[in-house]
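The sequence lines fix the lettering, A, B, ..., with proteins before strands; numbering per chain opens at 1.
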Number of protein chains: 2
Amino acid sequence: MTRATPYNRDKALDAAMSLFWEKGFHATSLKDLEAGLKMKPGSIYAAFSSKENLYLLALERYFEKSRLGHRAQMARAASPLAGLAAHFRTIAALSPNDMARQACMLTKSLVDTQTTEPAIAEKTRSYLAAMQQEFAAGFARAQKMGELPDSANTNRLARRFQANLAALRFELHLGTDALETAELAEDMAREIENLRVCGASE
Amino acid sequence: MTRATPYNRDKALDAAMSLFWEKGFHATSLKDLEAGLKMKPGSIYAAFSSKENLYLLALERYFEKSRLGHRAQMARAASPLAGLAAHFRTIAALSPNDMARQACMLTKSLVDTQTTEPAIAEKTRSYLAAMQQEFAAGFARAQKMGELPDSANTNRLARRFQANLAALRFELHLGTDALETAELAEDMAREIENLRVCGASE
DNA sequence: CACGAATTTGAGCGTACACTCAATCCCGTA
DNA sequence: TACGGGATTGAGTGTACGCTCAAATTCGTG
């Protein structure tokens with residue numbers, strides 16, 4: 001029988017995700033990770049092979065959480081378009097000390113690693129594509145329900161949605177105050193709501 | 001009489017801007033700069049004091065060029081709103097090998113330096129604010145000319161404009177193909193054009 | 001209780017970084 | 001043409017990085 005692992009993999013990965021999300025791949029040093037994960041270098045390497053691999057696991061974790069969060073948001077909503085619009089307002093309403101009150105980790109990741117870490121950049125792009133798919137599926141459901149006209153291009157709408165999302169979260173990163181952020185989110189949410197065909201049932 | 005400086009400061013700063021823009025502050029090493037500026041480390045330090053200071057000069061250069069470029073775009077346009085809308089289309093139409101076919105340097109800079117280089121981050125934020133002012137001035141002119149209703153909030157529009165700009169340029173960074181990028185730019189340009197009060201003269 | 005394997009430890013490895021400075025070079029001047 | 005001094009050079013500095021591995025520790029098992 002194998003000995004029980006004395007470190008908590010889940011907590012360690014959560015800590016890694018926080019660190020990498022906040023500081024990025026390059027600016028997060030092994031020293032930072034040792035402190036954050038409460039593990040010594042040898043243990044980190046035994047458990048996660050390399051800094052790069054740990055980053056990839058943290059990024060995957062972020063992606064899974066994001067997708068789950070989005071799906072929960074959509075499930076809660078009265079209709080697909082309402083859920084998509086709510087996404088913006090939810091982000092702007094994040095508590096001031098919420099960890100998520102910063103740029104999207106995928107956005108930061110791509111900026112940080114595009115020129116230096118091709119493997120990470122590639123994975124990041126694939127997660128961004130998957131999220132866009134997720135949004136496109138939302139718009140497609142809206143279309144099927146008659147919330148969106150048949151002529152609407154769901155992929156194009158999804159791209160626009162993701163662009164808005166990235167921009168809104170960059171605004172959090174910038175530190176723009178809550179009121180102005182809320183206005184921006186409101187503009188984006190209204191843009192979604194205005195797509196609604198008149199008289200569509202919820 | 002002082003000896004003529006044998007390095008070309010203008011060209012050197014242009015090279016520094018390119019390097020820093022593409023790779024960011026942290027990922028650009030002194031080795032890269034030596035090669036790009038064709039200067040030895042001692043000369044670089046004699047001319048620019050430090051990597052950080054060189055970066056600040058490169059960033060300032062980028063800001064000045066961006067502002068000048070925007071003003072030229074506005075001067076060329078038939079009306080303020082037309083100029084602002086054209087901005088998006090111009091970016092999407094950039095030649096495939098144009099250096100500017102990537103994320104905005106200010107955006108990248110803030111992501112790269114926010115947690116590690118407070119002085120750079122601060123300067124970056126001030127340039128972003130100045131660009132937003134520039135956009136707000138454009139909307140204000142549109143308002144004065146009757147292109148925009150008096151009720152329009154020019155600062156809010158400018159914030160939205162800048163968010164769209166950042167998002168569009170991030171799409172270039174991502175490597176999205178030209179056609180899809182053009183669609184996104186078109187969505188953003190139309191959003192500006194739709195603000196136009198019906199029957200406003202040009 | 002003693003053994004052995006799985007796990008953790010942390011001093012220390014090679015490397016690459018930003019940066020320095022004594023030596024050299026080059027050009028305007030006399 | 002010889003000189004003086006500012007500009008340029010690049011080997012070399014200390015430091016911090018990602019990472020390793022032999023030794024110590026910890027536990028289930030016989």
Value in whole Å for how far the [atom2] atom of [N] lies from [atom1] of [X]:
{"X": "A:L37", "N": "C:dT9", "atom1": "CG", "atom2": "C1'", "value": "15 Å"}
{"X": "B:I44", "N": "C:dT20", "atom1": "CD1", "atom2": "C1'", "value": "13 Å"}
{"X": "A:K31", "N": "C:dG10", "atom1": "NZ", "atom2": "P", "value": "12 Å"}
{"X": "A:K40", "N": "D:dA22", "atom1": "NZ", "atom2": "C1'", "value": "18 Å"}
{"X": "A:F48", "N": "D:dC19", "atom1": "CZ", "atom2": "P", "value": "14 Å"}
{"X": "A:K38", "N": "C:dG10", "atom1": "NZ", "atom2": "P", "value": "16 Å"}
{"X": "B:F25", "N": "C:dA18", "atom1": "CZ", "atom2": "C1'", "value": "9 Å"}
{"X": "A:E34", "N": "D:dA16", "atom1": "CD", "atom2": "P", "value": "14 Å"}

Checking side-chain polar atoms at under 3.5 Å, does [X] have a donor or acceptor matched by the opposite partner on [Y]?
{"X": "B:E171", "Y": "B:T181", "result": "no"}
{"X": "B:K108", "Y": "B:Q102", "result": "yes"}
{"X": "A:Q73", "Y": "A:T90", "result": "yes"}
{"X": "B:R159", "Y": "B:N153", "result": "no"}

Study note, to complete from the structure: Testing D:dC19, C:dT9, D:dA11 for proximity to the side chain of A:L30, the answer is D:dC19
Check this one for me: any side-chain N or O of [X] less than 4.0 Å away from OP1 or OP2 of [N]?
{"X": "B:S43", "N": "D:dT9", "result": "yes"}
{"X": "B:K51", "N": "C:dA18", "result": "yes"}
{"X": "B:Y45", "N": "C:dT20", "result": "no"}

Practice item. Could you check whether A:S29 gets within reach of a base, just the sugar-phosphate, or nothing at all, counting any heavy atom under 4.0 Å? Key: sugar-phosphate
Review point. Which part of the nucleic acid does A:T28 contact within heavy-atom distance under 4.0 Å: base, sugar-phosphate only, or nothing?
Key: sugar-phosphate
Practice item. Kindly confirm or rule out a cation-pi arrangement of A:K65 over A:F63, judged by NZ or CZ under 6.0 Å from the six-membered ring centre and within 45° of its axis? Key: no
